[in-house]
Protein chains: 2
Amino acid sequence: MKISKKSQYGLRSLVYLAQRDKEFSSLRMVSEAENIPFDYLEKIFSKLEKGGLLKSKKGSQGGYTLSKSAAKIKVGQVLRILEGEINLVDCIGPKKCSRRSNCLTITAWDKIQKSLQKTIDSITLKSLID
Amino acid sequence: MKISKKSQYGLRSLVYLAQRDKEFSSLRMVSEAENIPFDYLEKIFSKLEKGGLLKSKKGSQGGYTLSKSAAKIKVGQVLRILEGEINLVDCIGPKKCSRRSNCLTITAWDKIQKSLQKTIDSITLKSLID
DNA sequence: TTAAACACCGACCATTATGGTCGGTATTAC
DNA sequence: GTAATACCGACCATAATGGTCGGTGTTTAA
């Protein structure tokens, strides 16, 4: 029931980039500005890029920038990319649970899960920098 | 971003007890009925008792039962007892964060946290067994 | 009064996830 | 050609999780 440092670092970085609009920032810059371990940030950005939120430019003067407007990026996407598909509980989602049919707790987890999804998808990067 | 097995086991057990109203069920019974490792369940019940949700009776024919009506027990309480105070992110809550003043992500975590709290406190044990 | 059924407790342990580091390669601008 | 960068896989220490074990004290019922 925690949000990992990975996600915290990730969101912080994205906010940083959102504030710099479409200009490219190097890992080094973000890492120093946001005080995030360089090597770790690299892994995070790699995920975010594969997830479609970042665009990169290689070589000297290269770096990263948002792949789309901050208004179109939702915290939910960030979390899903970094944490993986969010299933608060195994019985929800792909993994079936044998007791599922007569398990009364699923109702609860399901409500919580749905509410959480709704919340995280209601927050855009843009709303954070305003 | 997961709900621990501890909490899942905990809630399942509480629902089980809620269905048996005020009668005492032994660890053995709950453990077998709900298919939860006996020794582990013991630790969970111990926490729930200290947390004020369970009442116990020692000795033969002893066991556990809810300490108050199922309508008064909320999923939020269960989670807080088993997971500890829920702070999605360290910067919220007691631990101060040096960059807090100029960190734009706190807004997001705070919203998510508040929404989560609200949701889990809106679900009672009773609502689950109906 | 004894034995069984139970709650209660602290210590231990294996596995996994997390957060982080390292060494090296490929690419680009100057 | 050199410096600055992205990119990648392997490695690793620490902590959290889920679970087990051995033993103690209490109560009931035979």
Side-chain angles (χ1 to χ4, degrees), chain A residues 1-13 17 23-51 53-67 79 81-90 95, chain B residues 1-13 17 23-51 53-67 79 81-90 95:
Chain A
M1 224 43 186
K2 281 251 170 194
I3 284 177
S4 66
K5 268 200 162 136
K6 193 169 17 176
S7 295
Q8 295 178 51
Y9 288 160
L11 189 61
R12 280 232 307 276
S13 304
L17 294 177
E23 83 187 42
F24 284 78
S25 306
S26 72
L27 277 173
R28 182 75 51 196
M29 288 175 63
V30 182
S31 142
E32 275 168 13
E34 288 298 325
N35 203 32
I36 299 170
F38 179 87
D39 291 307
Y40 196 35
L41 186 62
E42 195 176 293
K43 294 210 295 189
I44 294 171
F45 271 25
S46 164
K47 280 196 172 197
L48 289 174
E49 196 191 4
K50 279 170 192 152
L53 298 188
L54 290 183
K55 214 166 42 183
S56 74
K57 189 160 71 179
K58 293 182 189 175
S60 180
Q61 302 296 88
Y64 290 90
T65 192
L66 297 187
S67 70
L79 292 179
I81 290 169
L82 294 178
E83 312 268 313
E85 210 34 61
I86 297 172
N87 288 311
L88 288 183
V89 160
D90 287 337
K95 274 186 208 160
Chain B
M1 225 41 187
K2 280 252 171 193
I3 284 176
S4 66
K5 268 198 163 141
K6 191 167 23 175
S7 296
Q8 296 180 50
Y9 288 161
L11 189 61
R12 280 234 304 278
S13 304
L17 294 178
E23 80 186 44
F24 284 79
S25 305
S26 72
L27 276 172
R28 182 73 52 194
M29 285 173 64
V30 182
S31 142
E32 277 170 10
E34 288 297 327
N35 203 32
I36 299 168
F38 179 87
D39 292 306
Y40 196 35
L41 185 62
E42 195 176 294
K43 294 210 294 191
I44 295 172
F45 271 25
S46 163
K47 281 198 170 194
L48 290 175
E49 195 191 4
K50 278 170 191 150
L53 297 189
L54 290 184
K55 214 168 40 182
S56 73
K57 190 160 72 178
K58 293 183 187 174
S60 179
Q61 301 298 89
Y64 290 91
T65 193
L66 298 187
S67 72
L79 291 179
I81 289 169
L82 294 178
E83 312 268 315
E85 213 31 63
I86 297 173
N87 287 311
L88 287 184
V89 161
D90 286 339
K95 274 185 207 160

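Just so it is clear, the structure is predicted and the values come from calculations on it, not from any experiment. Numbers restart at 1 for each chain; the letters A, B, ... are given by sequence-line order, proteins then strands.
Mapped onto DNA chain C by nearest heavy atom, K43(B) and F38(A) fall at different nucleotides, with K43(B) at the one closer to the 5' end. Each of S4(A) and E42(A) lies near DNA chain C, and the nucleotide nearest S4(A) is the one positioned closer to the 5' end.
Protein atom CG of L27(B) is 13 Å distant from nucleotide atom C1' of dC9(C), rounded to whole Å. Atom-to-atom, CD of E83(A) to C1' of dG19(C) comes out at 13 Å; the value is rounded to the nearest Å. With rounding to whole Å, L82(A) atom CG is found 13 Å from dT18(C) atom C1'. If you take CG of D90(A) and P of dT17(D), they are 15 Å apart, rounded to a whole angstrom. Between the CZ atom of F45(A) and the P atom of dC8(D) there is a distance of 15 Å, given to the nearest Å. Per the geometry, CZ belonging to F24(A) stands 10 Å off P belonging to dA6(D), to the nearest Å. Counting to the nearest Å, the P atom of dC9(C) and the NZ atom of K47(B) are 14 Å from each other. One can place CD1 of I44(B) at 11 Å from C1' of dT17(D), the figure rounded to the nearest angstrom.
No salt bridge links D90(B) with K5(A); every basic N to acidic carboxylate O contact stays at or beyond 4.0 Å.
No side-chain donor from either of E34(A) and S13(A) sits under 3.5 Å from a side-chain acceptor of the other.
Within the 4.5 Å cutoff, side-chain heavy atoms of I3(A) are placed close to those of M1(B). Contact of the L66(A) side chain with the L54(A) side chain is registered, since non-hydrogen atoms from C-beta on lie closer than 4.5 Å.
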Subject >> Sugar-phosphate or base contact per nucleotide [nucleotides 25-30 of chain D; S, B, -; heavy atom under 4.0 Å] >> reply: -BBB--
**OP:** Output, in order, the C-alpha distance, side-chain angles, deciding distance and verdict of side chain to side chain contact (heavy atoms under 4.5 Å, CB included) for L41(A) and F38(A).
**Re:** CA-CA 5 Å; L41(A) 186 62; F38(A) 179 87; 5.9 Å; no
Subject >> Pair S25(A)-L17(A), side chain to side chain contact (heavy atoms under 4.5 Å, CB included): steps then yes or no >> reply: CA-CA 7 Å; S25(A) 306; L17(A) 294 177; 3.6 Å; yes
**OP:** For the pair Y64(A) and V30(A), evaluate side chain to side chain contact (heavy atoms under 4.5 Å, CB included) and give the outcome as yes or no after the intermediate values.
**Re:** CA-CA 9 Å; Y64(A) 290 90; V30(A) 182; over 6 Å; no
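If you check every strand for non-hydrogen atoms under 4.0 Å, K50(A) touches sugar and phosphate atoms only. Contact annotation for Y64(A): backbone-only contact, meaning every heavy-atom pair under 4.0 Å involves sugar-phosphate atoms and none involves a base.
Atom NZ of K55(A) and atom CZ of F24(A) lie 5.0 Å apart (nearest 0.5 Å).
Which of dG19(C), dG18(D), dC7(D) sits closest to the side chain of Y40(B) comes down to dG18(D).
Taking each heavy atom of S56(A) and E49(A) in turn, the nearest pair found is OG-OE2, 2.9 Å.
For DNA chain D, the residues of residues 5-13 of chain B within the heavy-atom distance limit of 4.0 Å (strictly under) are K5(B), K6(B), Y9(B), sorted by number.
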